[in-house]
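Note sheet for the following structure.
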Amino acid sequence: MAIAELRDGGEIEGVFACTRKDRLTAKNGSPYLAVELRDRTGAIPGRAFRDADFLAGQFERGDLVSVRGRVERFRDQLQVELQAIRRSEESPDPAEFLPVAYRDLDELDGFLEHLAREVHDPHLRVLLDAFLGDQRFRSELRRAPCTRAGHHSYLGGLLEHTVAVATLGLEACTLHPRLDSDLLLCAAILHDVGKTREFTLGAEIALSEAGALVGHLVLGQQLVAERARRLSGFPEGRLLALSHCIAGHHGPDALPGRRFRSAEALALYRLNALDAGVKGALEHGLQPERG
């Protein structure tokens, strides 16, 4: 049964993601185990007052866990009184435990292909085709989140964000025709490709080793350079201009001299921040202004 379907007094038995695990002490001095269980429909706290230390040794935070217990209401909130909990031996699809984009991914894929067709520079178009014609990459793009806990932090979030930034880029080029629309649109579509390598998916969205060590800016530049150099006659100047946009899309601090060298790189930075900021506000609320 999904977490969103649980009711007071009901039984619970199944596999869930454990996203929190704490050994705490009750008022009477006895230890108890506190966990958070999650699936894609929501989360619920769990408590074990009996055999707390034994149960805690059966799993770790971030594991998929097999759970048996009873649902009860405590301080107007549902929680699980755990009778058994241990690391699951199953290997289910992470989509059963992680939140998923509410927008239709096939529709977003169609928008992405439409946006790619607006790139007319033959070299940049061939580069985009090399990415979008790769079914493994397309599958990774559809599945990847955009962040672990910020904006678009759900499966499919990367595709949704990519389409949004590229759409904003297309509109910006209409308003400012002096922009190199082919460069900006190609950069908008590829700016976050490194995020297909930045995360691992399981009970939680976690950083991969590559994500932790170098991050998606470097990974993205590497992926784009690798694809471009497989293409016959891809201009080095075009690759450098594209890499500059990707490297700077979180701001100029990652760039030599901490300054933008093209209006397209500046535009991508602003458009990326616009979508991320608005989406973050809608998902998590407005943050206080600084200064």
Next on the checklist: Under the rule for side-chain hydrogen bond (donor to acceptor under 3.5 Å, both in side chains), what residues qualify as partners of Glu13, not counting sequence neighbours?
Outcome noted: none
Item to check | Contacts of Arg70 that satisfy side-chain hydrogen bond (donor to acceptor under 3.5 Å, both in side chains) - sequence neighbours left out | outcome: Glu11
Checklist entry - What pairs of residues pass the ring-ring contact (aromatic ring centres under 6.0 Å, His included) test when at least one of them lies in residues 150-204, not counting sequence neighbours? => result His151-His161, His152-His161, His161-His191, His191-His249
Item to check | Pair listing, ring-ring contact (aromatic ring centres under 6.0 Å, His included) test, anchored in residues 75-121, at least two apart | outcome: none
Item to check | Residue among Leu190, Leu127, Val126 satisfying side-chain contact (heavy atoms from CB on, under 4.5 Å) with Arg227 | outcome: Leu127
Item to check | Passing option when Leu115 is tested against Val165, Leu128, Thr167 for side-chain contact (heavy atoms from CB on, under 4.5 Å) | outcome: Thr167
Checklist entry - What do the steps show when you test Thr19 against Glu36 for side-chain hydrogen bond (donor to acceptor under 3.5 Å, both in side chains), and what is the final call? => result CA-CA 5 Å; Thr19 53; Glu36 181 183 70; 2.5 Å; yes
What is the minimum heavy-atom distance between [X] and [Y], and which atoms define it?
{"X": "Leu239", "Y": "Ala225", "value": "CD1-CA, 4.1 Å"}
{"X": "Pro145", "Y": "Ser153", "value": "CB-C, 4.4 Å"}
{"X": "Arg197", "Y": "Ser208", "value": "O-OG, 2.7 Å"}

Could you tell me whether [X] and [Y] make a salt bridge, using a distance below 4.0 angstrom between a side-chain N and a carboxylate O?
{"X": "Glu204", "Y": "Arg61", "result": "yes"}
{"X": "Glu236", "Y": "Arg229", "result": "yes"}
{"X": "Arg143", "Y": "Asp93", "result": "yes"}

Checklist outcome for this item: Applying ring pair (Phe, Tyr, Trp, His ring centres under 6.0 Å) to Phe59 and not counting sequence neighbours gives none
Checklist entry - Partners of His244 by ring pair (Phe, Tyr, Trp, His ring centres under 6.0 Å), sequence neighbours excluded? => result none
Checklist entry - For atom CZ of Arg270, is the number of surrounding heavy atoms from other residues, nucleotides or ligands below 6.0 Å larger than 12? => result no
Next on the checklist: Take a 6.0 Å sphere around CZ of Arg125 and say whether it holds more than 12 heavy atoms from other residues, nucleotides or ligands.
Outcome noted: yes
Checklist entry - Under the 3.5 angstrom rule, does the side chain of Asp39 hit a backbone N or O of Gly42 as a donor-acceptor pair? => result yes
Item to check | Intermediate values then yes/no, side chain to side chain contact (heavy atoms under 4.5 Å, CB included), Asp182 and Arg238 | outcome: CA-CA 11 Å; Asp182 290 329; Arg238 241 9 191 167; 4.2 Å; yes
Item to check | Spacing of CG belonging to Leu37 relative to CG belonging to Leu82, to within rounding of 0.5 Å | outcome: 6.5 Å
Student check: side-chain heavy atoms of [X] and [Y] closer than 4.5 Å:
{"X": "Leu242", "Y": "Cys186", "value": "yes"}
{"X": "Asp109", "Y": "Arg142", "value": "yes"}
{"X": "Ile85", "Y": "Gln58", "value": "no"}

Next on the checklist: When you measure from the centre of the six-membered ring of Tyr32, is the NZ or CZ of Arg47 closer than 6.0 Å and no more than 45° off the axis?
Outcome noted: no
